[in-house]
Amino acid sequence: MNVVVGITGGIAAYKAVGVVRGLVLAGHDVHVVATEAALRFVGRPTLEAISRNPVHTELYEGVAEVRHVALGQRADLVVIAPATANTVAKLAAGIADDLLGNTVLASRAPLLIAPAMHTEMWEHPATRANTALLRERGVHLVGPVAGQLTGQDSGVGRMAEPDAIVAAATGLLAPRDLEGRRLLVTAGGTREPIDPVRFVGNRSSGRQGAAIALRAAARGAEVVLVAANLDIDPPQGVELVQVGTAAELERAAREAAGRADAIVMAAAVADYRPVEVAEDKIKKDETGDELELRLVRNPDILRGLADARAEGQIVVGFAAETERDRERQLELGRAKAARKGVDLLVLNRVGWHEGFATERNAITVLSGVGTIMAEAEGTKAEVADRILDLVAAALPPSASRG
Ligand code: CTP
């Protein structure tokens, strides 16, 4: 998507570099419009290198291409970070005496601002009236937050952290194509206890499942996330049900499945659990040099959910394979899709060094009958969006479902 990042002249301008970088890493085409004052706080070369585009400041540059309106017209989102008290006032009044002011007025895209100023300025009746007016017009605000300000003082007025601004921006860019839909997503890896301190587990971090939950919520869905031992902070804005074992995951998933329009089983469910769970910690001097664990199959939760699904409910399974040969991998995927009775099967290759605990992923999505529906490679958020595109397309029109 095309994002204009407006930077105005406050000390927090140096942090705008993090906002630009976050948006570029999320795959957006970022165009920086900086005021003259902003460039006293952060250098043009830094912004050009990070945004991978020229930085615009001058109203009277690029007149032939009518740049003062073109940037705003092309934008899918305008973000202003930091927005000083002066900028907030100018936005409220619709003043267009610089390139950023023109860009904002020429844009029909959503506008997100991250105010940054001293507490007195933030609390001044003029600023309060201006922000109230902007909110009324549908402008989105992120922050300011309380914390250390530029001088010795601290209080409300500090710009929101770049990650929070990027998250708010990404939320606004998402299509609302899952509005009114309920999704059940499972994530993480189950742990099957051996004794009170040990378990049989797997290396799933829960990142991909959590990303799916987060992106589905950003696209308007009501999400229940059944999370087994996540390695990361649970995502905000979803209903979280924490579980430990496969049996707990099955119970929680069955409970939520009845109300779900789609089920995405990203969790790595342990296929086996110890037959017996020792009441007390197993001691070495009692077991000797070898310990034999007897394991029993866990129920196939995905298959159970797919068998019990209501008409129109979309069921998505995952397959993590170590097979290197592409054709053989697809064959395994096709067999798994058929065996599990899913509508979509997300195939990803895992190995000692791939797939787990990383920020990126590469997937192939198969239909229930084995057709390749999509191939995607990117951050786990980008991959999540590709999977959700297919879920959104597969869902029956909402009107036909009560
Ligand atoms: N799954 C499940 N219940 C299990 C095991 C797996 O619901 N007991 C789900 C996973 O959440 C995932 C999919 O099934 O969506 C993939 O499971 P996987 O274990 O890779 O497939 P299997 O059919 O068990 O095949 P194999 O382990 O032999 O590759």
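FYI, side chains are in, hydrogens and waters are out, and symmetry mates aren't considered; it's all heavy atoms of this structure. Atoms within each ligand, like the ligands themselves, are counted from 1 in listed order.
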Worksheet entry | Minimum heavy-atom distance between Ile212 and Leu388, given as atom pair plus value | O-CD1, 3.7 Å
Practice prompt. Identify, for atom 10 (C) of ligand 1, the protein heavy atom at the shortest distance, and state residue, atom and that distance.
Written response: Ala267 O, 3.4 Å
Worksheet item: Who's the nearest protein heavy-atom neighbour of atom 21 (O) of ligand 1, and how far?
Response: Lys336 NZ, 3.0 Å
Worksheet item: Backbone or side chain, does any N or O of Ala268 fall under 3.5 Å from an N or O of ligand 1?
Response: no
Worksheet item: Numbering the atoms of ligand 1 from 1, which are under 4.0 Å from a heavy atom of Arg339?
Response: 22 (P), 23 (O), 25 (O)
Worksheet item: Val269 to ligand 1: N or O pair under 3.5 Å?
Response: no
Fill in: 4.0 Å protein heavy-atom contact status of atom 28 (O) of ligand 1, strictly under
no
Item to complete: Give a yes or no on whether a salt bridge exists between Arg360 and Glu377, defined as a side-chain N under 4.0 angstrom from a carboxylate O.
Response: yes
Worksheet, complete the sentence: Ranked by distance from atom 5 (C) of ligand 1, the top protein heavy atom is Asp271 OD1, 3.2 Å
Discussion item. Under 3.5 Å between any N/O of Leu302 and any N/O of ligand 1: does that happen in this structure?
Written reply: yes
Worksheet entry | Ala246 to ligand 1, any heavy atom closer than 4.0 Å | no
Discussion item. Please determine whether salt bridge (Lys or Arg N to Asp or Glu O under 4.0 Å) holds for the pair Glu323 and Arg326, giving the CA-CA distance in whole Å, both sets of side-chain angles, and the decisive distance to 0.1 Å.
Written reply: CA-CA 8 Å; Glu323 175 61 55; Arg326 168 90 176 140; over 6 Å; no
Discussion item. Is it the case that ligand 1 has an N or O less than 3.5 angstrom from some N or O of Glu321?
Written reply: no
Item to complete: Would you give the length of the straight line joining atom CE of Met1 to atom CZ of Arg74, rounded to the nearest 0.5 angstrom?
Response: 16.0 Å
Worksheet item: Of the options Gln208, Lys380, Glu382, which is the one that meets Asn361 in a side chain to side chain donor-acceptor pair (under 3.5 Å)?
Response: Gln208
Discussion item. Judged on heavy-atom distance to atom 6 (C) of ligand 1, which of Lys340, Met265, Arg303, Glu323 sits nearest?
Written reply: Lys340
Discussion item. If you compare all heavy atoms of Pro193 against all heavy atoms of Val277, which two are closest, and at what distance to 0.1 Å?
Written reply: O-CG2, 3.6 Å
Worksheet item: So, does Pro299 sit close enough to ligand 1 that a heavy atom of it is under 4.0 Å from the ligand?
Response: yes
Worksheet item: Between Val185 and Gly209, which heavy-atom pair has the shortest distance, and what is it?
Response: CG1-O, 3.5 Å
Discussion item. Between the side chains of Asp343 and Arg309, is the shortest nitrogen-to-carboxylate-oxygen separation below 4.0 Å, so that they form an ion pair?
Written reply: yes
Discussion item. Give the atom numbers and elements of ligand 1 that come within less than 4.0 Å of a heavy atom of Asp300.
Written reply: 2 (C), 3 (N), 4 (C), 7 (O), 8 (N)
Worksheet item: atom 16 (C) of ligand 1: which protein heavy atom is closest, and how many Å away?
Response: Phe318 O, 2.6 Å
Item to complete: Examine distances only and state if a side-chain atom of Arg137 and a backbone atom of Ala92 form a donor-acceptor pair shorter than 3.5 Å.
Response: yes
Item to complete: Please confirm whether the backbone N or O of Ala270 pairs with a side-chain atom of Thr190, one donor and one acceptor, at under 3.5 Å?
Response: yes
Item to complete: State whether the shortest distance between N or O atoms of Ile301 and N or O atoms of ligand 1 falls below 3.5 angstrom.
Response: yes
Practice prompt. For Gly317, counting its heavy atoms only, list the atoms of ligand 1 lying under 4.0 Å from any of them.
Written response: 15 (O)
Fill in: Lys/Arg N to Asp/Glu carboxylate O, Asp385 vs Arg219, below 4.0 Å
yes
Worksheet item: If you measure from each heavy atom of Glu250 to ligand 1, is any distance below 4.0 Å?
Response: no
